[in-house]
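For reference, the structure discussed in these notes is given below.
Hydrogens, waters and symmetry mates are skipped; everything else that's a heavy atom, side chains included, is used. Keep in mind that this is a model prediction, so the values were computed, not measured. Just so it is clear: chains get the letters A, B, ... in the order the sequence lines come, proteins before strands, and each one is counted from 1.
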Amino acid sequence: MNKSAETSEKKGAVLPIKTSIQDSIKDLLKNGIDHCVFDAVMIPLRVPAGDSFSYVLIKNKSLLNDAFPLPPTMSVQGAKAVSSVTRLGNRNMKIAAVMRPCEIRATIELTKLDQTDLENIILISMDCPGTMPILDMVNEPEKTMTLFNDATKSWDDTQMRPVCQICDKSSMVAGDLHIGTLGTDKKSFFIIPNSTKGKDILEKLKLPLTDSIDSWNKKVKENSEKKLKKRQEVHSDLKNKIGDLTNLLDIFSQCINCHNCMRVCPICSCRLCYFDSNKVKHSSEEYLQRAKDKGSIRILPDTTLFHMGRMMHMSLSCVSCGSCEDACPMSIPVAQIFSMVADETQRLFDYVAGRCLEEPLPLRTYKEDELHEVEDVHG
Amino acid sequence: MKKDDIFLPKILTFLCNWCSYAGADLAGTSRLQYPASILPVRVMCSSRVDPLLILRAFLNGFDGVLVTGCHLGDCHYQEGNYYTRRRFVMLKKVFDSLGLESDRLRLSWVSAAEGQKYAKVATEFTQKIRELGENSSKNKIFL
Amino acid sequence: MANALKITKNTEESVREFLKILLEKRKVKGVFTLKKIGKNGAVTYSLITKSDELNDAVPFYPLMPTNAGKLLSRITRNGSTTEPVAVIVKPCELRAFIELVKREQGHFENLYIISSTCGGVYPLKTATDGTIEKNLSDYWDAVKKGEINQDLRPACTACTEFTPYGADITVDLIGNTELEKKCFLLLNTKKGEELVQDMKGELVDRDFDKEKLKKFYAKREKAKNQFFNENTKINGLDDLIKIFGRCIGCHGCSKVCPICYCTLCMFDSSNLEYKPSKYESEVRQRGGLKIPPGTIYYHLGRLTHVGISCVGCGSCEDVCPVNIPLTLIFKKVGESMQQIFEYIPGKNITEKIPLVTYNEEEYTEIEG
């Protein structure tokens with residue numbers, strides 16, 4: 001996987017769209033199973049009640065007919081699903097995992113954290129118009145489907161989650177294959193390989209590479225520049241809004257400590273979070289003493305410590321997927337805050353979470369001559 | 001119907017080490033006939049069978065789950081099977097309340113001397129499960 | 001004999017003042033109650049030691065940010081408080097705490113328990129969108145009249161256990177038509193009587209308006225039956241898949257459940273992690289498998305683990321990001337489990353949890 005995705009010689013195969021893009025992707029996957037390029041596909045399926053989607057590991061090709069390569073909502077972050085299947089290794093089953101770019105990026109981060117085994121996984125991403133709030137689908141499934149369908153055509157993100165509206169990496173190619181729908185003539189789509197694995201697959205499927213994906217490149221660049229501008233604006237507004245500790249405490253004051261945000265976060269992969277462990281459970285004396293010191297403490301205390309602690313732990317790998325915000329029962333804009341912090345911390349190390357598998361996690365590497373500005377300069 | 005077509009259920013059977021396992025053994029050494037549907041799991045006491053194990057077996061597609069233990073009052077650990085009984089009553093209630101087939105679960109006291117009873121329970125339960133048919137959880141995707 | 005303290009003032013105001021005096025007279029060293037914090041006025045449980053801080057206390061606010069039983073367990077799980085603390089909790093929170101004490105997750109000593117008859121709480125989202133503040137006057141009107149409020153948590157609408165068990169002091173709310181003018185603290189225990197000694201107010205002879213409570217009970221029972229019956233469509237695995245299919249696996253329901261106290265839930269442990277070979281065989285058998293698997297197992301497993309002690313507080317449903325009707329399932333199945341053993345969770349501290357006790361002659365029909 002190439003670090004400088006923008007500048008490398010991007011080539012891709014061009015495939016015709018028969019009935020719809022979703023069907024064409026499914027045909028491609030079936031083709032892959034037929035040619036033994038992979039044994040199984042991990043892809044979202046609509047659940048029996050029709051009110052959500054769920055990743056399903058499929059071996060039976062006929063099940064693919066019901067698949068939704070790009071569903072309107074994200075119920076489980078794909079990286080979590082890949083990790084669930086491969087955390088203990090995966091030797092015998094070659095799996096094509098079809099996910100959104102942010103899910104692929106999280107998968108790559110989880111691989112660096114030793115939580116997945118990508119050896120037999122083929123990561124397939126596609127241009128993502130954004131994700132709608134998970135509750136939209138629960139409350140009004142059909143309307144949500146229609147709205148999302150329209151949005152995929154018009155590339156209009158007003159119905160999407162706030163954090164998707166400011167996503168500048170919605171076409172970032174980080175996996176093995178990427179399906180490009182932007183900048184096409186609507187009758188065809190691009191398949192862009194991004195690794196030797198990806199190239200091999202296209203060869204096996206006899207899909208020749210052409211040079212004609214400039215239109216995709218152009219459109220993607222345009223799109224991400226526009227989004228980046230918006231992202232910076234939103235982040236700077238948010239930063240001004242928070243401004244100091246009191247405001248930060250206020251934002252988290254509604255938090256009920258359910259830790260849903262942590263539980264759905266693809267990066268938070270600890271089996272037992274430090275903030276759920278006995279280390280943060282104190283004696284009654286301690287709680288009383290703390291209350292006496294301040295006159296009053298909230299029970300549970302340390303809500304903001306939890307959020308900031310989580311930030312310390314995962315912000316360098318945060319892919320701004322928005323799962324945390326979707327899962328928050330108190331509508332705290334967790335994802336927006338985290339994405340703001342993540343952008344800043346990642347910038348420190350010129351790191352983009354999930355951009356490239358070979359890039360080491362910033363805290364697991366160092367240069368001798370760097371970051372002198374944080375050092376004390378006595379004398 | 002050909003003989004091969006008869007549905008042979010899979011029944012997970014927990015046998016307590018001290019009584020029921022010996023009972024099952026006796027059934028074997030006495031050459032009593034009972035269906036091959038039983039998959040035995042030996043446990044030290046029927047009370048070691050967490051209701052979750054039963055639930056798990058059910059969701060994993062076992063057609064029936066049989067829990068066996070010493071007769072009441074005969075428990076090697078004095079009172080284990082009294083707890084087993086309460087848990088079993090409770091689990092059955094959960095199944096009934098949710099419309100799951102609680103008939104796929106059975107509790108039986110089989111002593112070390114009751115080879116006959118063991119064979120009878122195994123045969124009867126297998127017959128019962130045959131009537132119920134396959135456990136539909138076997139083919140469910142969204143579990 | 002006097003068995004109540006009458007304070008001639010608005011009830012919430014009276015209780016607030018009562019708590020202040022408790023702190024000032026050093027009868028207690030801390031007060032655990034709901035309090036508004038921050039600019040947004042978020043309501044959270046707080047441990048208060050300075051009487052000034054009680055100005056923002058809202059002891060009977062119709063919201064349950066977290067089940068207080070869980071929080072009291074957090075404070076006292078390693079031993080009782082060394083100094084006396086007054087705690088103001090709702091009846092189901094008290095019952096949850098009692099269940100936790102039975103599980104050795106909390107200690108009662110040194111706590112003065114103040115509870116009230118409870119009109120129910122609103123869903124958490126009403127606190128974030130501000131509707132709760134608008135509803136408050138309607139809420140208290142209904143409580144005074146002994147009516148069921150609109151838009152409560154479904155669990156509360158269907159709650160018949162609105163009178164606390166085992167509180168030292170019970171504040172008379174439901175059916176008390178003079179809430180704004182008079183406050184009655186009913187003294188249930190010696191501890192309660194001790195607490196009100198030398199306090200402002202007048203010791204009087206007073207009990208609940210039993211007739212009114214009976215009527216209220218009937219209304220709640222009707223609502224409960226309606227709630228249970230309207231939703232009796234859970235019939236078998238397919239229905240469970242329909243209900244739980246949208247579960248995102250956050251396990252928030254177990255995290256907020258007052259009874260789920262395990263530091264590491266079995267369903268988060270490595271015991272339940274599928275090995276590669278397991279995935280392969282499952283996918284072969286079923287043709288496909290939901291990833292991550294085990295959703296139904298998790299919910300039914302949790303149900304068998306905690307159903308017997310479920311107090312029906314509704315926290316699980318409220319925290320669910322995809323609105324799974326957990327209250328319905330847990331309350332309904334939980335109550336049916338509890339009925340087998342004629343057990344009301346949290347009613348009596350000395351009564352054992354049904355699964356850790358037995359009678360020799362019982363349920364003989366189950367064996368076959």
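Comparing C/Gly301, C/Cys247, C/Gly287 by heavy-atom pairs within less than 4.5 Å of chain B, the highest count is held by C/Gly301. Chain C forms the most heavy-atom pairs under 4.5 Å with one residue out of B/Leu98, B/Asn139, B/Leu100, and that residue is B/Leu98. Your options are C/Val283, C/Asp239, C/Leu289, and the one with the most heavy-atom pairs under 4.5 Å with chain B is C/Leu289. Annotation: maximal heavy-atom pairing with chain C below 4.5 Å, among B/Gly99, B/Ser136, B/Ser137, B/Gly61, occurs at B/Gly99. For the set C/Asp238, C/Thr295, C/Ile291, C/Thr357, the entry with the most heavy-atom pairs within less than 4.5 Å of chain B is C/Thr357. Interface remark: of the candidates C/Gly294, C/Pro293, C/Gly245, C/Gly294 forms the most heavy-atom pairs closer than 4.5 Å to chain B.
We find the CE-CE distance between C/Met337 and B/Met90 to be 4.0 Å, quoted to the nearest 0.5 Å. Annotation: the span from C/Gln285 atom CD to B/Asn60 atom CG amounts to 7.5 Å, rounded to 0.5 Å. Atom CD in B/Glu101 sits 9.0 Å away from atom CG in C/Leu237 (nearest 0.5 Å). Atom CG of C/Leu300 and atom CG of B/Leu52 lie 9.5 Å apart (nearest 0.5 Å). Distance check, rounded to the nearest 0.5 Å: CD of C/Glu360 to CD of B/Glu79 gives 9.5 Å.
By the neighbour-count criterion of 12 heavy atoms within 6.0 Å, atom NZ of B/Lys120 is sparsely surrounded, having that number or fewer from other residues, nucleotides or ligands. Surrounding CD of C/Glu365 are more than 12 heavy atoms belonging to other residues, nucleotides or ligands, all under 6.0 Å away. Within 6.0 Å of CZ on B/Arg48 lie no more than 12 heavy atoms contributed by other residues, nucleotides or ligands. At most 12 heavy atoms of other shown residues, nucleotides or ligands fall within 6.0 angstrom of atom NZ in C/Lys352. Residue-environment remark: CD (C/Glu273) exceeds the threshold of 12 foreign heavy atoms within 6.0 Å. Dense packing is recorded around NZ of B/Lys138, with more than 12 heavy atoms of other residues, nucleotides or ligands lying under 6.0 Å away.
B/Tyr83 and C/Tyr358 have perpendicular rings, their planes meeting at more than 60° on a 0 to 90° scale where under 30° would count as parallel.
Using a distance-only test at 3.5 Å, with no hydrogens or angles considered, a donor-acceptor pair links the side chain of C/Arg286 to the main chain of B/Lys140. Proximity of a side-chain donor or acceptor of B/Arg86 to a complementary backbone N or O of C/Phe341 within less than 3.5 Å is not detected. Not one N or O on the side chain of B/Arg85 forms a donor-acceptor pair closer than 3.5 Å with the backbone of C/Thr364.
Contacts of C/Glu362 with chain B are made by both backbone and side-chain atoms, with heavy-atom separations under 4.5 Å. Heavy-atom distances place the backbone of C/Glu361, and not its side chain, under 4.5 Å from chain B. Of the atoms belonging to B/Leu143, heavy atoms from both backbone and side chain fall under 4.5 Å from chain C. Contacts between C/Lys242 and chain B at a heavy-atom distance below 4.5 Å are absent for every atom of the residue.
Within the 4.5 Å cutoff, the side chain of B/Lys93 has no heavy atoms near those of the C/Val333 side chain.
Counting all heavy atoms, side chain and backbone alike, B/Phe88 lies closest to C/Ile366 at CD2-CG1, 3.8 Å. Across C/Gly288 and B/Ile141, no two heavy atoms sit closer than the pair O-CG1, 3.4 Å. Pairing each heavy atom of C/Ile296 with each of B/Phe142, the nearest pair is CG1-O, 4.1 Å.
With respect to the salt-bridge test (charged N to carboxylate O, under 4.0 angstrom), the residues B/Lys117 and C/Glu367 qualify.
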